[in-house]
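In what follows, chains carry the letters A, B, and so on, assigned in the order in which the sequence lines appear, proteins first and then strands, with residues in each chain numbered from 1. Please read all numbers here as calculations on a predicted model, not as lab measurements.
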Amino acid sequence: MLHMYEFAPIERKWQERWEREHLYRAPNESAKPKYYAMEMLPYPSGDLHVGHAKNYTIGDAVARMMRMLGHNVLHPMGWDAFGLPAENAAIDRGIDPAAWTTENILNMRRQIRLMGTSYDWSRELATCEPEYYRWNQWLFLQLFQHGLAYKRHAPVNWCPHDQTVLANEQVVDGRCWRCAHLVERRNLSQWFLRITAYADRLLADLEKLPGWPERTRTMQRNWIGRSEGANVAFVVDSLDATIEVFTTRLDTIYGVTFLAVAPEHPIVESIKRVVSPSDAAAIDAFAASLKSKSELERTSLMEKQGVFTGAYAIHPLSRERVPIWLTNYVLAEYGGGAVMGVPGHDERDADFAKRHALPSAQVIVPPGEVDPEPLAGPYVEDGLLVASDEFSEMSSAHAREAIAERLVAMGAGAKSVSYKLRDWLISRQRYWGTPIPIVHCAACGEVAVPAGELPVLLPPREHVAGRSSTLASNAAFRETQCPACGGPAERETDTMDTFFESSWYYLRYLDPHNDTAPWDPRRPAYWMNVDQYIGGAEHAVLHLLYSRFFYKFFHDQGWVAGSDEPFERLFHQGLLLRDGEKMSKSRGNVVGIDETAERNGVDAMRLFLLYVTPPEETSSWTDDGISGRVRLLNRIWRACEPHFEVAGDERTLPPTPTPAEKALLRAVHLVAKSAIDETLTRRFHYNTTIAKLDELVNAMTAASATPPSPALLYAVRALPILIAPFAPHIAEELWERLGHQTSVHLERYLEPDDRALSVDEITLVVQVNGKVRARIAAPAGIGEEDAMELAMADANVRAYLNGKAVRKRIYVADKLLNVVAA
RNA sequence: GGGAUGGUGGUGGAAUAGGCAGACACAGCAGACUUAAAAUCUGCAGCCCGAAAGGGCGUCCGGGUUCGACUCCCGGCCAUCCCACCA
């Protein structure tokens, strides 16, 4: 009679017991070393599928391993609960976004528990609760008071579909990261966080993060985009004003044949007053044609357009007059919105000059070429200067220094550093977010809401289907008194980008119920940094950059001790596909958690997710794949079931009279060794651990006998501990059936024992001239001479040597002997 | 255009201080059990030659280093991801 493992009641039983006994609570003090394992907190969008489960299963396996290796493990879970999907659902269906969110949290919490995860639920948080966003507002005001939050009028990215502005990081290929609509450009007064003040540290400190994937660090480096160069002032002819340009190629300054200026540049208004009416009209027409065009359209999609302003600037060194052009290819928000046009040495300038028949000059020649050929296009490499007054014949690098010095002496320029990174726009013209705690007073200006009056509560939303409803339209919310002078004033009606909340939630987990501070500084002193952070690579320049910025600010305020980086090690899990595509409702290829738990059990699901591929790789869900893991669990059950009553709890290695028994003990310890190695090296390739578990179970199946050998019983006793981090329910059930009263998850993981891992006999591979010619069984630890003797006794080896003299031999102990013959 | 990562059987993958390529699993084939099927257990399985012993070829392609290369170096091809008119 074959027995099946009845997963459904057993999984339910243990989940209930773990919860009742608070098995995974992490105390804030412990004699054990701490370990903070965290997965990126989810947005409560509704239903989880097995793709989400992959992320949580990896994190849970790591947390469980570290717990069983003797650490006080903090493994928390929460909800990134503000945001657009809730509000859009509210608009579509006329419901309350708070209710929609709460309902989703309830369902997803149930599903995450259903996966058998080991979270400390006493620390659960949801960012939409006033207890949380109160501290969001408090932190905003701290930034405000330190000059790191400010409101300014600026061209910003506007998503016409979501009806809100977006941060730069949230514009992907010119489109809204959420709804993929083309982003427009608008001039609006908006709240920014001065992340650029930290640009240098955010860049330099990437070196402190060897535990991060290299590609993520590279992406942040690219995003911050530090360029060293110089600012140069060009005086506008017949106008008491200058245009400052930023350049990394000061050595090409004698090649300037025009200035290229963005139409938003402030100088344009002044220029319009001194040029002819027809020129001014052309300027206006050009600016109007670009007004609402997004940066993407202006730069990538459009050809290089421009219009001559009619004005000229004076070259600071050559004193020549260079025409000032307005162009679409100069970014208003970078490098001052103006560049020097050097068609001889810049692809973009060359392209523009060609299109508008502007002259080009070559002032750099390739080094070492006596008589350089005329070039087809611009020469963009470094070289030697020509036609550059006294700087001629200098190298590019040398000339950059010398010209900068000269400009400084003239008061016409200075060395300078530019960043691609721009300040983080956090205003959102949406309802479902944290209200920005600022009051606008005609007399006092921008006034912070006093800390004692926080939180500024989000008022209930008018539930009108099909209509958006913002704080701006809510007069009762908007109208208030100025906290400073008591006069009539208006509240800020923008809400915060939800990335604000997620930039510090990992600190709130440490002290989630504190109502006098966002956290007690003693908590991070013990728990920080996050030892292992696990989440998707799509956040490489969003959440992960913002969090680093916040944490540096907290560090500077003395609110967190130690490092000024929050995440010690970062791991990006790979996607889980089905039929070669990402799971989505619209494709109809979603594999749900509930149906999988019901059909296969969550232990099988967890094993499958860990087993298909290494965790960082893209993997594919297959029904055949998971049935293989169901099969494994059944085999585990059958291998142990006959021995529940007789196994006992002896932990010491039994004597092993036969090689098969010795091999069985070895298989046990190989699983332990793999699990521990994969955890401590942070590779998390538990796919190889589970493969060794397969081998162990194969060996146990082969070793079944009546009566069972001491080696088999040892394996039966060890198995629940070995599988506990990966298949926690069956592990617990086996453990209990073997007579234990306490949870297997409180046990120490099996310590690999060299006596069990060692082998008595090895396979000596014998090569002749590098080709394998024999495999000979030999005692472990065999010496080179004995190995040679064994090899020479082999007929096939002798045949290949064919009497030739042995010129050389290479011996790798217990592995290989390579005999090299003439 | 710049950068990152990768390319191994029918499939997912294993092998990293340079030392047996293909562990383990899925799918497949054969056998045992069964009236039968399912389930389970056992066995086979990179390609080619061979009855077998054994041999030749083989980790994207072409070179190189080495006694020995999936692994290291040079060149190329392909795939995925990221950045991209950032002056």
Side-chain angles (χ1 to χ4, degrees), chain A residues 2-4 172-173 213-223 225-227 229 245-249 252 260 295-296 298-304 327-331 333-342 345-349 351-352 380 418-422 537-538 540-541 572 575 607-608 611-614 616-620 622-629 631-632 634-635 638 685 687-698 701-702 704 763-775 795-796 799 807-813 815-821:
Chain A
L2 282 169
H3 288 173
M4 296 286 284
V172 179
D173 289 337
E214 186 53 45
R215 63 176 166 141
T216 305
R217 293 197 288 166
T218 304
M219 279 164 69
Q220 290 211 354
R221 252 178 235 121
N222 290 343
W223 190 260
R226 185 178 198 273
S227 298
V245 303
F246 174 76
T247 178
T248 57
R249 290 301 304 276
T252 66
E295 214 165 75
L296 177 82
R298 289 172 61 152
T299 57
S300 300
L301 304 180
M302 288 167 65
E303 295 175 333
K304 288 188 177 54
T327 69
N328 64 332
Y329 78 94
V330 173
L331 305 175
E333 291 289 290
Y334 181 83
V339 302
M340 54 188 214
V342 187
H345 303 287
D346 183 282
E347 300 275 3
R348 297 153 297 189
D349 297 343
D351 190 10
F352 183 80
V380 298
S418 275
Y419 298 90
K420 194 170 90 69
L421 180 71
R422 299 186 211 165
E538 68 274 16
V541 291
H572 294 311
L575 290 175
L607 285 175
F608 172 76
Y611 183 66
V612 254
T613 58
E616 70 276 18
E617 298 293 332
T618 299
S619 45
S620 289
T622 62
D623 294 337
D624 284 337
I626 189 159
S627 60
R629 296 302 89 188
R631 216 170 288 160
L632 173 66
N634 282 325
R635 298 184 74 212
R638 282 196 301 272
H685 286 196
N687 54 323
T688 62
T689 306
I690 296 168
K692 288 179 171 60
L693 176 64
D694 276 306
E695 293 189 67
L696 170 60
V697 176
N698 286 343
T701 305
S704 69
T763 301
L764 180 70
V765 175
V766 181
Q767 298 181 330
V768 176
N769 290 334
K771 286 203 178 278
V772 178
R773 296 306 178 188
R775 295 185 175 89
N796 204 39
R807 209 181 53 186
K808 187 175 175 182
R809 69 188 190 213
I810 288 93
Y811 181 60
V812 183
K815 268 190 186 152
L816 172 140
L817 176 70
N818 186 9
V819 183
V820 185

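Rounded to whole Å, the C1' atom of B:G22 lies 12 Å from the corresponding atom of B:A45.
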Starting at the 5' end of nucleotides 10-23 of chain B, put B wherever the base has a protein heavy atom under 4.0 Å, S where only the sugar-phosphate does, and a dash everywhere else. --BSSS---BB--B
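Checking the phosphate oxygens (OP1, OP2) of B:U80, no side-chain nitrogen or oxygen of A:Arg215 falls inside 4.0 Å. Taking side-chain N and O atoms only, A:Arg631 has no distance below 4.0 Å to OP1 or OP2 of B:A39. The phosphate of B:A25 (OP1 or OP2) has a side-chain N or O of A:Asn698 nearer than 4.0 angstrom. The phosphate of B:A87 (OP1 or OP2) has a side-chain N or O of A:Tyr334 nearer than 4.0 angstrom.
A:Val820 comes within 4.0 angstrom of sugar-phosphate atoms only, judged by non-hydrogen atoms across all strands, and of no base. Nucleic acid contact for A:Arg221: none, since no nucleic acid atom lies under 4.0 Å from a heavy atom of the residue.
A:Phe352 does not carry A:Lys304 over the face of its six-membered ring by the limits of under 6.0 Å from the centre and within 45° of the normal.
B:A37: no Watson-Crick or G-U partner with both key distances under 3.5 Å is found in any strand. Nucleotide B:U80: paired with B:A4 (Watson-Crick or G-U wobble, both distances less than 3.5 Å).
For the pair A:Glu214 and A:Lys771, nearest-nucleotide mapping onto RNA chain B gives the more 5' position to A:Glu214.
Partners of A:Glu538 according to the side-chain contact (heavy atoms from CB on, under 4.5 Å) rule, which considers only residues two or more places apart in sequence or in another chain, do not exist here. Here A:Tyr611 pairs with nothing under the ring-ring contact (aromatic ring centres under 6.0 Å, His included) rule; sequence neighbours left out. Residues passing the side chain to side chain donor-acceptor pair (under 3.5 Å) test with A:Asn698, sequence neighbours excluded: A:Arg635. Residues passing the side chain to side chain donor-acceptor pair (under 3.5 Å) test with A:Arg809, sequence neighbours excluded: A:Glu784, A:Glu785.
A donor-acceptor contact shorter than 3.5 Å links the side chain of A:Arg249 to the backbone of A:Val380. Of the possible polar contacts, one joining the A:Asn328 side chain to the A:Glu303 backbone as a donor-acceptor pair under 3.5 Å is found.
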Sort me out a list of protein N/O and nucleotides 48-53 of chain B N/O pairs below 3.5 Å, or just none if empty.
none

